[in-house]
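Inspection log for the structure reproduced underneath, given as structure tokens.
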Amino acid sequence: MIQHCPTPTELDDLELLVSGAYAPLTRFNEPGSPVTLELPEAAGPDPVELVDPEGLPLARVAPDGSLEPLTHAQYGPFRRLHLTPAQVREQHAGATFVPVADALTQRELDGLRGLGRVVLVALTGTGTASLSPVALVRATLAAAAELGDATVVAVPLPSHGDAAADHELGARVVATYAGPDPVHALPDGGPDADHPDEPSYPAAIADVVAEDRPAPEEQGLVLFFTGLSGSGKSTLARALMDLLLEQGGRSVTSLDGDVVRRHLSAGLTFSKADRETNIRRIGWVAAEIARHGGVAVCSPIAPFAETREQVRQMVEDAGGAFFLVHVATPLEECERRDRKGLYAKARAGEIPEFTGISSPYEEPVDPAVRVDTTGRTIEDALDDVLVALDDAGYLHLAQAGRADA
Ligand SMILES: Nc1ncnc2c1ncn2[C@@H]1O[C@H](COP(=O)(O)OS(=O)(=O)O)[C@@H](OP(=O)(O)O)[C@H]1O
Ligand SMILES: Nc1ncnc2c1ncn2[C@@H]1O[C@H](COP(=O)(O)OP(=O)(O)O)[C@@H](O)[C@H]1O
């Protein structure tokens, strides 16, 4: 039987289908339902075994989306708070149920006092809260401690990208958890009257929020230079790394295209599939670096827009910022430079699938900054990147000897 690890959203949905939280929905791909599952084409008409990210079989799914559960999900922090609706009703009958999708403000907490015993239902699904799922639970536990007579239940209700359908599904899930007990919806967010610009939190919750949403200067950062061979990616990346190292204060890792291909991606070719694998590997490592608050400076060609977007997603999921620099030196200039003699060989047909000659380069439509290095000094071109980074608030670097340094 084919094994398949669903996407994070699909894994959340699987958990809620199996736990009964989506009742009366019990299967994927019900017509009109946002709760969908994409199965590998190779599966054909046979059932597929769905496994968690570590390969533990969770359920078998038939081609019509119906499920045969094998075991309960066991991965992820705060697993003990992932109760089924039946468990919650048994343990917390008579309480008031409060859906929580963000850190609770002081004002919201004050509004909950006087409700008696409450169950804070932390909606931690993929792609929903502005806090990471684990921080949302931490912040909700801190809120429960503030309130006193409160319990936290974590429900991984994910976003399906359709606000209306998600709202309806969410309301149904919370009602299922509450059973006959009341649901208390929080009034719409918005700043406190005495702090019109930002919400005010009790100290313990503020600490959780601050740790999860660091200031741009402290956030993990992936600087991703993309462009044709010879466009100047490595040169600019190296110059920027040097500036960062000279200034100190951040840990920096280089993931240069050529260097990665000698180590992490040794053995890969320049076919579309291998290039995608190469870039996803770079993205995976860069996201881990960002998760730990470091700076990763990447400089592969990365010719495909979709793969670059996957890297952005990986980095943002890890809490990092993704900063795309398009080194937009035109092909004619790259070919004129032909630093490594590769364009001549590609023109002579000696290198197949050469980017810009016999393999495509999809120009980014929305880079953070675009730099054409033609006829410019390295310092001058680098300045464009430094200004954009400074404006975005991620790094404040200046080159020694320049007017503004
Ligand atoms: N067919 C083909 N196409 C493009 N480039 C080629 C090819 N064969 C070898 N090289 C050399 O490999 C470097 C690009 O590797 P990358 O890992 O950055 O490419 S990719 O992102 O996976 O497309 C690239 O280095 P840079 O010049 O630093 O970009 C080339 O030197
Ligand atoms: N303004 C500039 N910025 C970056 N590189 C430049 C610039 N002007 C000329 N070059 C030259 O262009 C070449 C770019 O090569 P490289 O940085 O290895 O490109 P890539 O990594 O994109 O293949 C280098 O020889 C570099 O000295």
Side-chain angles (χ1 to χ4, degrees), residues 222-243 254-286 296-312 314 322 324-364 367 369-388 397 399 401-402:
V222 174
L223 265 166
F224 197 98
F225 292 82
T226 172
L228 296 171
S229 173
S231 57
K233 304 181 296 295
S234 308
T235 305
L236 293 175
R238 205 179 316 114
L240 196 137
M241 289 263 309
D242 290 347
L243 279 182
S254 163
L255 293 165
D256 180 70
D258 285 316
V259 179
V260 166
R261 277 193 174 264
R262 252 175 278 129
H263 300 281
L264 187 64
S265 289
L268 292 186
T269 70
F270 286 88
S271 68
K272 181 166 197 276
D274 275 6
R275 286 180 198 257
E276 287 172 339
T277 302
N278 177 39
I279 299 306
R280 278 198 290 265
R281 284 184 190 172
I282 292 175
W284 195 88
V285 175
V297 182
C298 316
S299 45
I301 295 178
F304 300 114
E306 190 183 337
T307 333
R308 292 191 297 258
E309 273 319 295
Q310 288 169 357
V311 175
R312 178 193 297 277
M314 282 189 251
F322 181 77
L324 186 67
V325 180
H326 178 203
V327 186
T329 313
L331 178 64
E332 303 75 59
E333 172 66 9
C334 298
E335 199 165 356
R336 193 191 61 73
R337 291 177 184 168
D338 205 6
R339 226 173 127 239
K340 303 177 188 165
L342 295 175
Y343 281 99
K345 286 189 184 157
R347 288 285 183 203
E350 288 167 30
I351 307 179
E353 299 192 88
F354 196 82
T355 306
I357 307 290
S358 42
S359 183
Y361 178 79
E362 297 171 4
E363 301 232 331
V369 59
R370 200 186 299 277
V371 192
D372 178 351
T373 66
T374 313
R376 302 178 71 188
T377 64
I378 294 164
E379 291 74 23
D380 203 30
L382 183 62
D383 240 11
D384 289 2
V385 182
L386 299 184
V387 167
L397 296 169
Q399 305 186 72
R402 289 188 70 87

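The structure displayed is predicted, hence computed values, not measured ones. Side chains are part of it too, since the values below use all heavy atoms of this structure and drop only hydrogens, waters and symmetry mates. In listed order, ligands and their atoms are each counted from 1.
By heavy-atom distance, the residue among T329, D380, L342, T373 lying nearest atom 3 (N) of ligand 2 is T373. When the heavy atoms of T355, L342, T269, I279 are ranked by distance to atom 31 (O) of ligand 1, first place goes to L342. Evaluated by nearest non-hydrogen atom to atom 4 (C) of ligand 2, the leading choice among P300, G232, G375 is G232.
Counting only heavy atoms of the protein, atom 23 (O) of ligand 1 lies nearest to R275 NH1, 2.8 Å. The nearest heavy-atom contact from the protein to atom 13 (C) of ligand 1 is D258 OD1, 3.4 Å. The protein atom (non-hydrogen) at minimum distance from atom 10 (N) of ligand 1 is F270 CZ, 3.4 Å. When only non-hydrogen protein atoms are considered, atom 27 (O) of ligand 1 lies nearest to S229 OG, 2.6 Å. The nearest protein atom to atom 21 (O) of ligand 1, hydrogens excluded, is given as A302 N, 2.8 Å; this is a heavy-atom distance.
Looking at R339 against ligand 2, only its side chain comes within 4.0 Å, counting heavy atoms.
Using 4.0 Å as the threshold, S229 has a heavy atom nearer than that to some atom of ligand 2.
Near T377, with a cut-off below 4.0 Å to any heavy atom, the atoms of ligand 2 are 1 (N).
In terms of polar-atom proximity, defined here as any N/O pair under 3.5 Å, R337 does make such a contact with ligand 2. Polar contact with ligand 2: present for G230 (N/O pair, distance under 3.5 Å).
Judged by the 6.0 Å distance and 45° axis criteria, R308 is positioned over the aromatic ring of Y361.
Applying the ring pair (Phe, Tyr, Trp, His ring centres under 6.0 Å) test to pairs two or more places apart or on separate chains, those with a residue in residues 338-357 are Y343-F354.
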